[in-house]
Amino acid sequence: MRSAWRTLDTATLRAVVVMSLSVLVIGMSYGVAAHSAGLALWQIVLIATVVLAGSSEFVFVGILAAGGVPILAALAGLLVNTRNFGYGLAVGKHLRGAPEILLGAHLINDETAALATAEPDSRRARAAFLLCGLGVLVSWPVGAALGAALGGVVADPAGLGLDAAFPALLAALAIPALRDGATWAAVTIGAAVAVASTPFLPAGLPIIGALGGFAALETVRRFRTTTTRTPDPSVTAAADDDADVTSRDVPVHDTIRSGR
């Protein structure tokens, strides 16, 4: 694994560091929100370590702060986290063996998936995913603990002004993947679905709806593949007729000379 990490270039290593620091800061915002919702320090750190999914934890804490039942808050967090299924399909092919896949299932999230899919080959994607995952595994609970400690000082998480920092970082990581028209189409459809559903769905669910863009992309790709591989019967028949005409036009003595 160490040798695989050495294959990562400076830009990727820098992205891992920036991502981990960003997660640390966002974790502080989560810790403040969780403290305001009445969770104890040990509960905040335990949830941050075991769940390791920022959006789900924010949804969980938000429902608790609004007076919701904890089991319903947990179910809402699980629903938001179903988007990790798509991430797992994209990243799982780079992992090796059951133990690494189990570890990857815990480390999969928006940040690690974005960083891994931006790499050009499987070996580097695996290294970037695991390295970033370990960074998030450390920085998110630490940030949550720091935020919980600051909860008595900063009562309003929005006062930290961190709302746009994380989406901007993820967008910067995703832009290099937009190399062709089909991918742009998927992004456009997904963004339209997410924006249109935001006023009607709880936080996090519009992201799941955005996966419709990727479904549309896969449908178009399958259609193109089928169209390319399926020959036109009329063209095939015309080619056969031309072959028959050509064979009939060959003189008899040429046929004898060629051994036919």
> Please walk me through it: do L102 and H106 pass side chain to side chain contact (heavy atoms under 4.5 Å, CB included)?
Replying inline: CA-CA 7 Å; L102 290 176; H106 186 56; over 6 Å; no
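- In this structure, L52 is a member of the same hydrophobic cluster as I101, with clusters built from ILVMFWY side-chain heavy atoms closer than 4.5 Å.
- Taking every heavy atom of both residues into account, A116 and V91 meet most closely at CB-CG2, 4.3 Å.
- Judged by distance alone, with hydrogens and angles left aside, the side-chain atoms of D9 form a donor-acceptor pair with the main-chain N or O of T12 at under 3.5 Å.
- Using the six-membered ring where Trp is involved, F58 and Y30 have ring planes that are perpendicular, over 60° apart on the 30 and 60° scheme.
- If you chain together hydrophobic residues whose side chains sit under 4.5 Å apart, V45 and V25 never meet in one group.
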| request: Verify side chain to side chain contact (heavy atoms under 4.5 Å, CB included) between L39 and I47, making sure each step is shown before the conclusion. | output: CA-CA 10 Å; L39 295 179; I47 292 173; 4.2 Å; yes
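- Heavy-atom minimum distance, H35 versus A148: CD2-O, 3.6 Å.
- Contact between T117 and A90 at its shortest, heavy atoms only, is CG2-CB, 4.1 Å.
- To the nearest 0.5 Å, atom OG of residue S29 and atom CG of residue L24 are 12.0 Å apart.
- In this structure, the separation between CG on L95 and CD1 on I108 is 8.0 Å, given to the nearest 0.5 Å.
- Of the inter-residue distances, the one linking Y87 atom OH with N81 atom CG reads 9.5 Å to the nearest 0.5 angstrom.
- The CG atom of L150 sits 5.0 Å away from the CE atom of M28 when rounded to the nearest 0.5 Å.
- V195 and V193 fall into different hydrophobic clusters, defined by Ile, Leu, Val, Met, Phe, Trp and Tyr side-chain heavy atoms under 4.5 Å apart, directly or through other members.
- Rounding to the nearest 0.5 Å gives a distance of 6.0 Å between CD of E119 and CG of L8.
- G77 approaches S56 most closely through the heavy-atom pair O-OG, 2.8 Å.
- Hydrophobic clustering, with ILVMFWY side chains joined whenever heavy atoms are under 4.5 angstrom apart, keeps L41 apart from V32.
- For the atom pair CZ of R124 and CG of L131, the computed distance is 12.5 Å after rounding to the nearest 0.5 Å.
- Considering all non-hydrogen atoms of both residues, V136 and S20 come closest at N-OG, 4.3 Å.
- Using a 4.5 Å cut-off between side-chain heavy atoms of Ile, Leu, Val, Met, Phe, Trp and Tyr, with links allowed through other members, L46 and L64 fall into different hydrophobic clusters.
- Using modelled atom types, one side-chain atom of Q43 and one backbone atom of A40 make a donor-acceptor pair closer than 3.5 Å.
- Minimum heavy-atom separation, S139 to V23: OG-CG1, 3.4 Å.
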